[in-house]
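Take a look at the structure below.
Bear in mind the structure is a predicted one, so any value in this text is a computation, not a measurement.
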Amino acid sequence: MNESFGSRLRARLDTCGPLCVGIDPSPALLHTWGLDDSPAALERFCRTVVEAVADVAAVVKPQSAFFERWGSRGIAVLERTIADLREAGTLVLLDVKRGDIDSTMAAYAEAYLDKGSPLAADAVTLSPYLGFGSLEGAITSAMANDAGVFVLARTSNPEAAGLQRPVAGQVLAGAAAANAGHAPFGPVGVVMGATLPALEHSLDDLNGPILAPGLGAQGATPADVARLFGAVRHAVVPSVSRAVLADPKQVRARTLRYRDECAAHLSASAAAQK
């Protein structure tokens, strides 16, 4: 019997601690590494990151856009990166932020969630701005393939607040409804930025994981993660990218530091609530 995404995520969090590491091979970052901007450099970058973090990060999140810009050559690197992570036993969250309706949403789901696809990931990010109901096909596909989705709710970029604040409650309610009855997590996670000044909605009934981007380069700290998500610390997955990727010789050390600091602050939050 195949394990659900929620069960696999719970096991990784328990084994590796609370951290997602993004793979964001931007041209600027490739240059910082002393690499040229090419598919070969892209592959070298990804292999270095995978080797450094695959066994210490609960989740690794490749950003699809940095691969797509190279067309078929970049997608080939993305396929190999996903395969390398899967072989290492790491959960893969593919950051694609797709959102559409009917047959188009079904095609996206087939590309990223179908177990037979070369791009199949453990989970993907989705945009709900055609209505939460438009994601039904992807959520159904995720459940059928023992995968998950993370739906944008309140993201870490400041310009999102005006659009997302009025509808975040609907997103959270839709996710909670889809997750009802599942254990240890349902298949529908949400994206809630670690940079938020405060949470405007309760997450107690979500019954799903919370991806919390914004650590490091965007200004959030492990203490912010604990401040915002201490009440749902069992479900939060803080995410960091540029802050651990800036130096190829320090990727593993910085990953371990962020992971351990997040775990320590979340544990302190738990102790304070007793």
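Taking the charged nitrogens against the carboxylate oxygens, Arg98 and Glu68 do have a contact shorter than 4.0 Å, which makes a salt bridge. Under the 4.0 Å criterion applied to side-chain N and carboxylate O atoms, Arg8 and Asp146 are not assigned as salt-bridge partners.
Closest approach of Ser7 to Pro184, counting heavy atoms only: OG-CD, 3.5 Å. When all heavy atoms are compared, the tightest approach of Leu172 to Ser202 is CD1-O, 4.5 Å. Smallest separation of non-hydrogen atoms from Ala41 and Leu30: O-CD2, 4.0 Å. What you find for Val240 and Leu215 is that their closest heavy atoms are CG2-O, 3.7 Å.
Taking the side chain to side chain donor-acceptor pair (under 3.5 Å) definition, one finds that Asp114 meets it with nothing, sequence neighbours left out. Applying the side chain to side chain donor-acceptor pair (under 3.5 Å) criterion to Arg44, with sequence neighbours excluded, gives no partner residue. Evaluation of the salt bridge (charged side-chain N to carboxylate O under 4.0 Å, His left out) rule for Arg252 yields Asp55 as partners, not counting sequence neighbours. The ring-ring contact (aromatic ring centres under 6.0 Å, His included) search around Phe5 returns none, not counting sequence neighbours. With sequence neighbours excluded, the residues forming a salt bridge (charged side-chain N to carboxylate O under 4.0 Å, His left out) with Arg227 are Asp224, listed by chain and number. Asp14 is linked by a side-chain contact (heavy atoms from CB on, under 4.5 Å) to Arg10, counting only residues two or more places apart in sequence or in another chain. For Arg47, the salt bridge (charged side-chain N to carboxylate O under 4.0 Å, His left out) partners two or more places apart in sequence, or in a different chain, are Glu43, Asp84. With sequence neighbours excluded, the residues satisfying salt bridge (charged side-chain N to carboxylate O under 4.0 Å, His left out) with Arg69 are Asp37.
Side chain of Asp95 to main chain of Pro62: no donor-acceptor pair is present (N/O by atom type, distance under 3.5 Å, no hydrogens or angles). The backbone N or O of Val77 lies less than 3.5 Å from a partner atom in the side chain of Thr81, making a donor-acceptor pair. At distances below 3.5 Å, not a single donor-acceptor pair connects side-chain atoms of Arg242 with backbone N or O atoms of Leu29.
A ring-ring contact (aromatic ring centres under 6.0 Å, His included) check over residues 8-51, counting only residues at least two apart or in different chains, returns the pairs Trp33-Phe45. Counting only residues at least two apart or in different chains, salt bridge (Lys or Arg N to Asp or Glu O under 4.0 Å) contacts with residues 169-185 are absent.
The hydrophobic clustering, which links ILVMFWY residues whose side-chain heavy atoms are closer than 4.5 Å, places Phe229 and Val237 apart. Hydrophobic clustering (ILVMFWY, side-chain heavy atoms < 4.5 Å, transitive): Leu13 and Leu91 are in one cluster. A single hydrophobic cluster is seen to contain both Val236 and Val188, as judged by linkage of ILVMFWY side chains at heavy-atom distances under 4.5 Å, directly or through other members. With hydrophobic clusters built from ILVMFWY side chains whose heavy atoms lie under 4.5 angstrom apart, Leu245 shares a cluster with Leu19. Cluster membership check: Val171 shares its hydrophobic cluster with Val96, using side-chain heavy-atom separations under 4.5 Å among Ile, Leu, Val, Met, Phe, Trp and Tyr.
Side-chain contact check for Gln63 and Asp24: no donor-acceptor pair (N or O, by modelled atom type) lies under 3.5 Å. Using modelled atom types and a 3.5 Å distance limit, the side chains of Gln164 and Thr155 yield a donor-acceptor pair.
Within 6.0 Å of atom CD in Glu87, 12 or fewer heavy atoms from other residues, nucleotides or ligands are found, so the atom counts as exposed in its surroundings.
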Legend entry - Chi angles and distances behind the side-chain contact (heavy atoms from CB on, under 4.5 Å) call for Leu9, Phe185: CA-CA 8 Å; Leu9 177 59; Phe185 297 126; 4.2 Å; yes

Inset, instruction - Check the pair Asp204 / Val232 against side-chain contact (heavy atoms from CB on, under 4.5 Å), numbers first and verdict last. - result: CA-CA 7 Å; Asp204 292 346; Val232 285; 4.1 Å; yes

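Hydrophobic cluster of Leu130: the remaining members, joined at side-chain heavy-atom separations below 4.5 Å, are Ile101, listed by chain and number.
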Between side-chain atoms of residues 190-198 and protein atoms elsewhere (two or more places apart, or another chain), which donor-acceptor pairs fall under 3.5 Å?
{"residue": "Thr195", "atom": "OG1", "partner": "Ser156", "partner atom": "O", "Å": "2.9"}

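The distance from atom CG of Leu199 to atom CG of Leu228, rounded to the nearest 0.5 Å, is 5.0 Å.
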